[in-house]
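Since the model is a prediction, treat every value here as computed from it, not as a measurement.
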Amino acid sequence: MKKTITLFASIGVLTMVVSCERAQFLDLYPVTQISREQYYQTEEQIRLATVAAYETMNTDKAEGVFIQHGTYFGGLLGIMCAPSDEILPSRAQNNASRVTDMYRASFTESTPALRSMWDAFYIGIGRCNAVIENGKKFTSEKIKSYVAEATFMRGFYYWYLAQVFGGVPIVSYNSDGTEPRSNLETLYNYIINDFDIAYQTLPESSTEGVLGKASANKYTAAAYLGRVCNYLAACGRNQTGAEFVAEQPLNDFSFVTEDIAKSLSEKAYNCLKDVVENSGYVLIPDFRNLFRETTKEEQHKECLFMAENYISGSENIFPSSQIFGFAPGSSGDQNKGQTPTVYTGFLLSSPKIFGMFSPKDPRRDWFFTSDGTGNVNADISKGQTNRLIEEVAIDGYKYVKPFDRREASSDNRFALFVDNVQTQTYVPWQK
């Protein structure tokens, strides 16, 4: 008996010693990592954190999370537009499973694209909160500008989340993830406040921002502020979603009274008037250049804000063709950073939206594409019959021309069949 007691006592002492040593080991901080408290000590660190705050809107991975079609990298436009009468599913059903739930309006909380968007945009909000909170340590004008950019991006992320999910949690810098969902009044007041702060504090020129011309500026914030205000005013006047309030009281627009709607409309008018009269942005003469990979300078003359990909190193995936049919003006010479093939998208422009444009409007034929594949490098003289498209040289670059004739080739998938009536989304069969 005595030996048994001694044995267990020894084991107990040994356990205590090992536990103490383990506790000391766990108290050590990994030397290969920097804690949040140790970071954000210099202007350069704040700058890099601001870059990261932008990056989430256009990523396919963040913080170890695989983002499956929930950002501008792929899928966000499908989420925003698929449940509408402007979009049709491609016949490439074997590849369309990732967005099927969206265009069928059968999506649930388990739909991967929606879950990915939630993850990505809250990661983005967390990054913005980090810049805003830690930027308070500094007094330099440069860091104040970074904080303004992060404030704009936080409003941007919440705006998109509100559009898709309605009332969502507003999280703090040290969030533990337990914040409840906010109602729409609280959420939209928060969004408007962020855009308002950004409008008042961002520089007038994007070139001063962390992404150069791709950065948000004063007029970017003004445009988004005007957009949100107009949206809320319209929702209030039209009693948007009133029939669903009993099911989800958080998504109630009744707080937008007629007086509030009038005030919002006036605010939107003033913001957007400022953009038109003072921003320096113009409508460029050739609309097609807004969508070509090689015309960034033209795009920045008109577009107040863009989710941009790099051309170099992203050939064959730029811009992402996984969701929508590739616009003809977006393909061409791979040696100049353009993709050599027109790909089939999962979602296509419907005949309805196509038919709303005049045949004389170049936007219709260049950007409302159909379900088509074809290699611009196919050599018909060698029996390669999948060349369903033609090229055109513009400003020294090769682009795919709008498809302007009916082909007998079995590979021609530019036609859509709606109620057994053959239609298409490039140009009419007869000129």
Next item on the list: May I ask you to test the Leu272-Asn230 pair for a side-chain heavy-atom distance under 4.5 Å?
Entry: yes
Note to self: So which atom in Ala223 and which in Leu304 form the shortest heavy-atom distance, rounded to 0.1 Å?
What the structure shows: CB-CD2, 3.7 Å
Margin query: Assess the residue pair Tyr231 and Gln163 against the criterion (side-chain contact (heavy atoms from CB on, under 4.5 Å)); give the C-alpha distance rounded to whole Å, side-chain angles, the decisive distance to 0.1 Å, and a yes or no.
Written below: CA-CA 10 Å; Tyr231 172 78; Gln163 292 287 285; 3.3 Å; yes
Checklist line | Nearest-0.5 Å distance that lies between atom OG in Ser265 and atom CD in Glu258 | finding: 8.0 Å
Check: What are the two closest non-hydrogen atoms of Ser140 and Glu43, and how far apart are they?
Finding: OG-OE1, 3.6 Å
Next item on the list: Look at Arg115 together with Glu109 and state whether they make a salt bridge at an N to O cut-off of under 4.0 Å.
Entry: no
Next item on the list: I would like to know whether Phe138 and Tyr146 meet side-chain contact (heavy atoms from CB on, under 4.5 Å); could you show each step before the answer?
Entry: CA-CA 11 Å; Phe138 303 86; Tyr146 297 157; over 6 Å; no
Check: Do the side chain of Glu55 and the main chain of Val51 share a donor and acceptor less than 3.5 angstrom apart?
Finding: no
Check: Where is the tightest heavy-atom contact between Cys229 and Ala268, given as atom of each residue plus distance?
Finding: CB-CB, 3.9 Å
Notebook entry, point to check: Is there a side-chain contact between Tyr160 and Ile191, using heavy atoms and a 4.5 Å cut-off?
Noted result: no
Next item on the list: May I ask you to check whether Ser254 and Asp252 show a side-chain donor-acceptor distance below 3.5 Å?
Entry: yes
Note to self: What's the separation between atom CD1 in Ile170 and atom CD in Glu179, rounded to the nearest 0.5 Å?
What the structure shows: 9.5 Å
Note to self: Checking side-chain polar atoms at under 3.5 Å, does Tyr219 have a donor or acceptor matched by the opposite partner on Asn278?
What the structure shows: no
Next item on the list: Look up atom OH in Tyr190 and atom OH in Tyr158, then write down how far apart they are to the nearest 0.5 Å.
Entry: 5.0 Å
Item checked: Side chains of Glu208 and Ser145 in contact at under 4.5 Å (non-hydrogen atoms) -> no
Check: Under a 4.5 Å cut-off applied to non-hydrogen side-chain atoms, are Tyr40 and Ile46 in contact?
Finding: yes
Notebook entry, point to check: Do the ring planes of Tyr188 and Phe253 sit parallel (below 30°), tilted (30 to 60°) or perpendicular (above 60°)?
Noted result: tilted
Check: Going from CD on Gln299 to CD1 on Ile284, what distance comes out if it is rounded to the nearest 0.5 angstrom?
Finding: 7.5 Å
Notebook entry, point to check: Below 6.0 angstrom between ring centroids: does that apply to Phe305 and Phe156?
Noted result: yes
Margin query: Is any side-chain heavy atom of Leu161 closer than 4.5 Å to one of Ile125?
Written below: yes
Notebook entry, point to check: If you measure from CZ on Phe152 to NZ on Lys218, what distance do you get to the nearest 0.5 Å?
Noted result: 13.5 Å
Next item on the list: State, to 0.1 Å, how close Thr56 and Gly124 come at their nearest heavy-atom pair, and which atoms those are.
Entry: OG1-CA, 3.5 Å
Check: Is the closest side-chain donor-acceptor distance between Lys137 and Asn134 under 3.5 Å?
Finding: yes
Notebook entry, point to check: So which heavy atom on Ala62 is nearest to which on Thr59, and how close?
Noted result: CB-CG2, 4.3 Å
Notebook entry, point to check: Judged by atom type as modelled, is there a donor-acceptor pair below 3.5 Å linking the side chain of Asn189 to the main-chain atoms of Glu185?
Noted result: yes
Note to self: Would you say CD of Glu247 has more than 12 non-hydrogen atoms from neighbouring residues, nucleotides or ligands within 6.0 angstrom?
What the structure shows: no
Checklist line | Salt bridge present between Glu63 and Arg127 (N-O < 4.0 angstrom) | finding: yes
Next item on the list: Side-chain contact test, heavy atoms from C-beta onward, threshold under 4.5 Å: evaluate it for Leu48 versus Tyr39 and give yes or no.
Entry: yes
Margin query: If we ignore hydrogens and angles and just use 3.5 Å, is the side chain of Asp274 paired with the main-chain N or O of Ser279 as donor and acceptor?
Written below: no
Check: With a 4.5 Å heavy-atom cut-off, do Ile79 and Val164 have their side chains touching?
Finding: yes
Margin query: Could you measure the distance from the NZ atom of Lys267 to the CD1 atom of Ile192? Nearest 0.5 Å is fine.
Written below: 7.5 Å
Note to self: Set out, in order, the CA-CA distance, both residues' side-chain angles and the distance that settles side-chain contact (heavy atoms from CB on, under 4.5 Å) for Phe121 and Ile67, then state yes or no.
What the structure shows: CA-CA 10 Å; Phe121 279 28; Ile67 307 300; over 6 Å; no
Next item on the list: Would you kindly say whether Tyr54 and Glu149 are connected by a side-chain donor-acceptor distance under 3.5 Å?
Entry: yes
Notebook entry, point to check: How far apart are the C-alpha atoms of Tyr199 and Phe195, what are their side-chain angles, what is the distance that settles it, and do they pass the ring-ring contact (aromatic ring centres under 6.0 Å, His included) test?
Noted result: CA-CA 6 Å; Tyr199 179 32; Phe195 285 154; over 10 Å; no
Checklist line | Thr186 and Asn183: CA distance, side-chain angles, deciding distance, side-chain hydrogen bond (donor to acceptor under 3.5 Å, both in side chains) verdict | finding: CA-CA 6 Å; Thr186 301; Asn183 60 32; 2.9 Å; yes
Note to self: If we ignore hydrogens and angles and just use 3.5 Å, is the side chain of Thr111 paired with the main-chain N or O of Ala113 as donor and acceptor?
What the structure shows: no
Next item on the list: Please report the closest heavy-atom contact between Asp194 and Gly155, naming both atoms and the distance.
Entry: OD2-N, 3.6 Å
Notebook entry, point to check: Side chains of Asp259 and Thr257: donor-acceptor distance under 3.5 Å anywhere?
Noted result: no
Next item on the list: Please report the C-alpha distance between Asp60 and Thr71 in whole Å, then the side-chain angles of each, then the deciding distance to 0.1 Å, and finally whether the side-chain contact (heavy atoms from CB on, under 4.5 Å) criterion is met.
Entry: CA-CA 7 Å; Asp60 63 338; Thr71 69; 6.0 Å; no
